[in-house]
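Here is the structure we will look at, set down as structure tokens.
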Amino acid sequence: MSEKVSMLGVPNNTVDENGIRWRRTRCFMCHMNCGVWCGVDTKTGRLVEMRPNEEEGSVLCNRLGNKGEKAIKFHYHPKRINHCMKRVGEKGEDKWEEISWEQAIDEISTKLMALKEKYGAKTLFSSEGTYRSDHLWARTRFFNLFGNPGNVVDPGTICWCWNYSLNMAMVGWPVEAIMPVSPSYTGTIVNWGKRWSEAYAPEGPLWRTMRGRIEVNQDNPAQYINIDTTCIDGSATADIWLQPYPGTDCAISFAWLNVIFEEKLWDDKFVRYWSNAPFLVRKDTGKLVRLDEFNGGKHEDFLAINEISGQPVTW
């Protein structure tokens, strides 16, 4: 294998002695969007090599290849559609012709405006894949201008968005983020049912960050607790490997919560002022008490108790 060339200190848009123009960019093969360098041959205009942005601590993971060869092969795949294609036969005949962007935009916009005029703006909705690209601003702006900003379908509604929303509502921060908030500062890391080494590729940033924090050769490594029914990459090196029977995860959760409550291990100020823990809960429904249920106030406000006065207060 040839020696890797360092890009530290190299200015953006540099042309090297081989006629390769190097530009900083980001990888969109996963959510992490690592910083990378892409080299384009100035003679052919083709992407020929990729290198990691060492200033950001990036490496080229298994999805890209040592020099980005896998990503380059994907980019130039002969079956990739790079131009506007219009069907010229019946559905299922697989007959197409290449048309210009101008013609495509004209034909699509004409049909969309006719549908909007006949059925209203809600006749059009967007269905998209996992949030991984940078197209969201364009989709949002388009639907705002079309008159139907809310009609969007995507996996996020049953995947990460609800988790993110609950995190923000409870503690004001996405605790369950793509990359955990502070692995370099925490003293204990719990991996519950996730194969870090397979999330975003074995050499992806998630597993590299976690592995670097829990390895025994690190200064003051974090305690690592792995909860998984099967032995994964991290189980063998875990300080504690809990192997629960399927369906008993909740018992572990409640046991931990009991210890936290009994031994008062929580951060009182954080829980009191930055979470929804002080909110009153209805015994009959198990839901938080809304102010409009109490005195006809705003539905978006919640109810708590002032410990000094013993009186209810709005939160």
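Environment of CZ in Arg26: crowded, with over 12 heavy atoms of neighbouring residues, nucleotides or ligands closer than 6.0 Å. Within 6.0 Å of CD in Glu307 there are 12 or fewer heavy atoms belonging to other residues, nucleotides or ligands. Counted within 6.0 Å of CG on Leu8, heavy atoms from surrounding residues, nucleotides or ligands total more than 12; the atom is thus considered enclosed. Atom OH of Tyr76 sits in a crowded spot, with more than 12 heavy atoms from other residues, nucleotides or ligands closer than 6.0 Å. More than 12 non-hydrogen atoms from other residues, nucleotides or ligands lie less than 6.0 angstrom from CD of Glu93. Counted within 6.0 Å of CD on Glu117, heavy atoms from surrounding residues, nucleotides or ligands total 12 or fewer; the atom is thus considered open.
Asp16 and Trp22 form a side-chain donor-acceptor contact under 3.5 Å, judged by distance and modelled atom types alone. Looking only at atom types and distance, the side chain of Glu54 has a donor-acceptor partner in the side chain of Ser6 under 3.5 Å away. Counted by atom type alone, Asn258 and Trp256 present zero donor-acceptor pairs between their side chains at under 3.5 Å.
Two residues are said to be in side-chain contact when any heavy atoms from C-beta on lie closer than 4.5 Å; Lys298 and Arg290 fail this criterion. Taking the side chain as every heavy atom from C-beta outward, Ile252 and Asp249 never approach each other to under 4.5 Å. The side-chain heavy atoms of Pro312 and Phe294, taken from C-beta on, include a pair separated by under 4.5 Å. Within the 4.5 Å cutoff, side-chain heavy atoms of Pro244 are placed close to those of Ile227. For the pair His75/Lys70, no side-chain contact is recorded, criterion being any heavy-atom separation below 4.5 Å from C-beta on. In this structure, Leu60 and Val36 have side chains that are in contact, with non-hydrogen atoms separated by less than 4.5 Å. Looking at heavy atoms from C-beta onward, Ile225 lies in side-chain contact with Thr188 at the 4.5 angstrom threshold. Within the 4.5 Å cutoff, the side chain of Leu64 has no heavy atoms near those of the Ile72 side chain.
Atom CD1 of Ile105 sits about 10.0 Å away from atom CD1 of Ile99, to the nearest 0.5 Å. Within the model, atoms OG1 of Thr25 and CG of Asn33 stand 9.5 Å from one another, a figure rounded to the nearest 0.5 Å. Rounded to the nearest 0.5 Å, atoms CD1 (Ile240) and OG (Ser235) are 13.0 Å apart. Between Thr14 atom OG1 and Trp37 atom CH2 the span is 6.0 Å, to the nearest 0.5 Å. Remark: Met29 CE to Cys61 SG distance equals 8.5 Å, nearest 0.5 Å. Distance check, rounded to the nearest 0.5 Å: CD1 of Ile305 to CZ of Phe279 gives 13.0 Å.
Without hydrogens or angle criteria, Asn226 side chain to Ala238 main chain gives no donor-acceptor distance under 3.5 Å. In this structure a side-chain-to-backbone donor-acceptor pair under 3.5 Å is missing from Asn18 to Ile20. No donor-acceptor pair closer than 3.5 Å links the side chain of Thr248 to the backbone N or O of Ala251. In this structure, the side chain of Asp292 does not engage the main chain of Gly297 through any donor-acceptor pair within 3.5 Å. Using modelled atom types, no side-chain atom of Arg46 and backbone atom of Val40 make a donor-acceptor pair closer than 3.5 Å. For Gln243 (side chain) and Thr229 (main-chain N/O), a donor-acceptor pair under 3.5 Å exists by modelled atom type. Between the side chain of Thr123 and the backbone N or O of Gly120 there is no donor-acceptor pair closer than 3.5 Å. Between the side chain of Asp228 and the main chain of Cys231, no donor-acceptor pair closer than 3.5 Å is present. Here the side chain of Ser58 pairs a donor or acceptor atom with the backbone of Gly35 at under 3.5 angstrom. In this structure a side-chain-to-backbone donor-acceptor pair under 3.5 Å is present from Asn148 to Leu124.
Between Ser275 and Pro278, the shortest heavy-atom distance links the atoms O-CD, 3.5 Å. Residues Lys194 and Asn191 come closest through the heavy atom pair O-ND2, 2.8 Å. In this structure, Pro149 and Asn144 approach most closely via the heavy-atom pair CB-OD1, 2.9 Å. A pairwise comparison of heavy atoms in Gly89 and Arg87 identifies O-NE, 3.0 Å as the closest pair.
Criterion: ILVMFWY side-chain heavy atoms under 4.5 Å apart, direct or through other members. Under it, Val281 and Val289 are not part of a common hydrophobic cluster. Residues Met50 and Phe74 share a hydrophobic cluster, clusters being chains of Ile/Leu/Val/Met/Phe/Trp/Tyr side chains in contact below 4.5 Å. The hydrophobic cluster containing Val5 does not contain Val10, counting ILVMFWY residues as joined when their side-chain heavy atoms lie under 4.5 angstrom apart, directly or transitively. Residue Phe143 is grouped with residue Leu112 when hydrophobic side chains (ILVMFWY) are merged at heavy-atom distances under 4.5 angstrom, including chains of intermediate members. With hydrophobic clusters built from ILVMFWY side chains whose heavy atoms lie under 4.5 angstrom apart, Val271 shares a cluster with Leu265.
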Query raised in the report: Lys95 and Lys86: side chain to side chain contact (heavy atoms under 4.5 Å, CB included), yes or no, with the steps?
Result: CA-CA 8 Å; Lys95 295 180 179 180; Lys86 180 179 180 179; over 6 Å; no
Query - Residues Arg213, Tyr224; criterion side chain to side chain contact (heavy atoms under 4.5 Å, CB included); working and verdict - result: CA-CA 9 Å; Arg213 185 68 185 92; Tyr224 175 39; over 6 Å; no
Query raised in the report: Between Trp192 and Trp241, is a ring-ring contact (aromatic ring centres under 6.0 Å, His included) present by the stated rule, with each step listed?
Result: CA-CA 10 Å; Trp192 200 316; Trp241 173 28; over 10 Å; no
**Report entry** Arg21 vs Asn13, side chain to side chain contact (heavy atoms under 4.5 Å, CB included): CA-CA, chis, key distance, verdict
**Finding:** CA-CA 6 Å; Arg21 185 183 302 278; Asn13 208 34; 3.2 Å; yes
Requested in this report: Take Glu98 and Met85, measure what side chain to side chain contact (heavy atoms under 4.5 Å, CB included) needs, and give me the verdict at the end.
Outcome: CA-CA 5 Å; Glu98 183 179 326; Met85 305 296 291; 4.1 Å; yes
Report task. Take Arg23 and Asn12, measure what side chain to side chain donor-acceptor pair (under 3.5 Å) needs, and give me the verdict at the end. Result -> CA-CA 5 Å; Arg23 286 180 173 169; Asn12 192 35; 5.9 Å; no
**Report entry** salt bridge (Lys or Arg N to Asp or Glu O under 4.0 Å) evaluation trace for Arg51 with Glu49
**Finding:** CA-CA 7 Å; Arg51 295 174 182 172; Glu49 186 180 346; 3.1 Å; yes
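Ring orientation note: the planes of Phe142 and Phe146 are close to parallel, at an angle under 30° on the 30°/60° scale.
Under a 4.0 Å N-O distance rule, the pair Lys43/Asp41 does not qualify as a salt bridge.
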